[in-house]
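First comes the structure, then the notes that go with it.
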Amino acid sequence: MKISKLNFSFFYNLTSFCYILLVGILVLFGRPTFGQGLGDLFYLLLIVLSILTQLIATFLVKSKLNTSQRTLWYFVIGTLFLIVAIKFTWDFTYGRGIEYRWNGSVFLG
């Protein structure tokens with residue numbers, strides 16, 4: 001089975017989207033924390049905005065560009081949101097705030 005560049009770049013974009021969505025769902029239920037107390041709601045808002053931005057950008061690319069241009073833009077969108085996902089991961093692990101310091105565990109409990 002041959003994997004085309006378009007399929008790989010779309011999968012790359014989808015993977016970063018699913019990871020950010022998973023982090024958002026877990027933060028909504030209070031499992032990982034950013035260590036800011038009520039300030040975690042700000043991070044939840046940023047996660048929701050990044051999910052919506054990625055969805056809108058992906059659908060715009062799909063509807064407006066041809067196949068060869070889509071491959072590049074799916075890869076660019078996936079890379080940008082992978083960087084966002086890495087930032088969120090850093091913030092709920094080593095970069096936690098003063099309320100819940102990093103203790104080696106991602107989840108509280």
Side-chain angles (χ1 to χ4, degrees):
M1 182 170 107
K2 183 179 178 184
I3 299 176
S4 69
K5 289 181 183 177
L6 178 63
N7 288 341
F8 174 74
S9 60
F10 183 74
F11 177 74
Y12 183 63
N13 187 14
L14 184 66
T15 303
S16 64
F17 171 76
C18 288
Y19 181 76
I20 293 174
L21 183 65
L22 178 66
V23 169
I25 290 170
L26 288 174
V27 168
L28 186 64
F29 289 110
R31 294 306 298 164
T33 181
F34 293 97
Q36 304 293 328
L38 283 176
D40 284 356
L41 293 176
F42 174 72
Y43 283 100
L44 185 61
L45 178 67
L46 288 178
I47 290 171
V48 169
L49 287 176
S50 68
I51 289 170
L52 291 176
T53 304
Q54 188 170 11
L55 279 176
I56 291 169
T58 301
F59 285 126
L60 282 176
V61 164
K62 183 175 179 165
S63 65
K64 302 285 183 190
L65 299 176
N66 62 22
T67 306
S68 63
Q69 293 172 330
R70 265 189 240 161
T71 303
L72 172 68
W73 282 103
Y74 281 152
F75 189 75
V76 168
I77 292 169
T79 302
L80 289 176
F81 284 98
L82 182 65
I83 293 169
V84 170
I86 290 170
K87 172 68 171 127
F88 285 138
T89 304
W90 171 262
D91 286 343
F92 72 74
T93 55
Y94 293 113
R96 278 191 193 162
I98 59 171
E99 205 160 305
Y100 298 106
R101 290 271 183 211
W102 174 247
N103 60 357
S105 176
V106 174
F107 302 114
L108 293 178

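Hydrogens, waters and symmetry mates play no part in the numbers below; they use all other heavy atoms, side chains included. Bear in mind the structure is a predicted one, so any value in this text is a computation, not a measurement. When a residue number appears, it is its place in the shown sequence, counting from 1.
Listed by first and then second residue, the ring pair (Phe, Tyr, Trp, His ring centres under 6.0 Å) pairs that reach into residues 36-58 are Phe34-Tyr43, sequence neighbours excluded. Screening residues 17-28 for side-chain hydrogen bond (donor to acceptor under 3.5 Å, both in side chains), with sequence neighbours left out, gives Tyr19-Thr89.
In this structure, Leu41 CG and Leu46 CG are separated by 11.0 Å, a value rounded to the nearest 0.5 Å.
Annotation: salt bridge (charged side-chain N to carboxylate O under 4.0 Å, His left out) contacts of Asp40 (sequence neighbours excluded): none. With sequence neighbours excluded, the residues satisfying side-chain contact (heavy atoms from CB on, under 4.5 Å) with Ala57 are Ile77. Leu55 meets the side-chain contact (heavy atoms from CB on, under 4.5 Å) test with Phe17, Ile51, Phe59; sequence neighbours excluded. In this view, Thr93 satisfies the side chain to side chain donor-acceptor pair (under 3.5 Å) rule with no residue, not counting sequence neighbours. The salt bridge (charged side-chain N to carboxylate O under 4.0 Å, His left out) check on Lys87 picks up Asp91, with sequence neighbours excluded. With sequence neighbours excluded, the residues forming a side-chain contact (heavy atoms from CB on, under 4.5 Å) with Val48 are Leu52, listed by chain and number. With sequence neighbours excluded, no residue satisfies side-chain contact (heavy atoms from CB on, under 4.5 Å) with Glu99. Residues passing the side chain to side chain donor-acceptor pair (under 3.5 Å) test with Ser50: none are found, sequence neighbours excluded.
You'll find the side chain of Trp73 stays beyond 4.5 Å of the side chain of Leu60, heavy atoms only. Using a 4.5 Å cut-off on side-chain heavy atoms (C-beta onward), Gln36 and Ile98 make no contact. At least one side-chain heavy atom of Phe88 sits less than 4.5 Å from a side-chain heavy atom of Ile47.
The main-chain N or O of Leu65 is found under 3.5 Å from a side-chain atom of Arg70 such that the two form a donor-acceptor pair. Between the side chain of Gln69 and the main chain of Lys64, no donor-acceptor pair closer than 3.5 Å is present.
Other residues sharing the hydrophobic cluster of Leu45, ordered by chain and number and joined by side-chain separations under 4.5 Å: Leu49.
The two residues Asn13 and Gln54 make their nearest non-hydrogen contact at OD1-NE2, 2.5 Å. The shortest heavy-atom contact between Ser16 and Gly78 is OG-O, 3.7 Å.
Under the 4.5 Å side-chain contact rule for hydrophobic residues, Tyr94 and Leu26 share a cluster. No continuous path of hydrophobic side-chain contacts links Ile83 to Leu72 [ILVMFWY only; heavy atoms under 4.5 Å].
When each of Phe10, Phe11, Tyr12 is checked for a ring pair (Phe, Tyr, Trp, His ring centres under 6.0 Å) with Tyr74, only Phe10 meets the rule. Among Val76, Ile20, Thr15, the one residue that satisfies the side-chain contact (heavy atoms from CB on, under 4.5 Å) test with Phe81 is Ile20.
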Please lay out, stage by stage, how Arg31 and Ile25 fare under the test side-chain contact (heavy atoms from CB on, under 4.5 Å). CA-CA 9 Å; Arg31 294 306 298 164; Ile25 290 170; over 6 Å; no
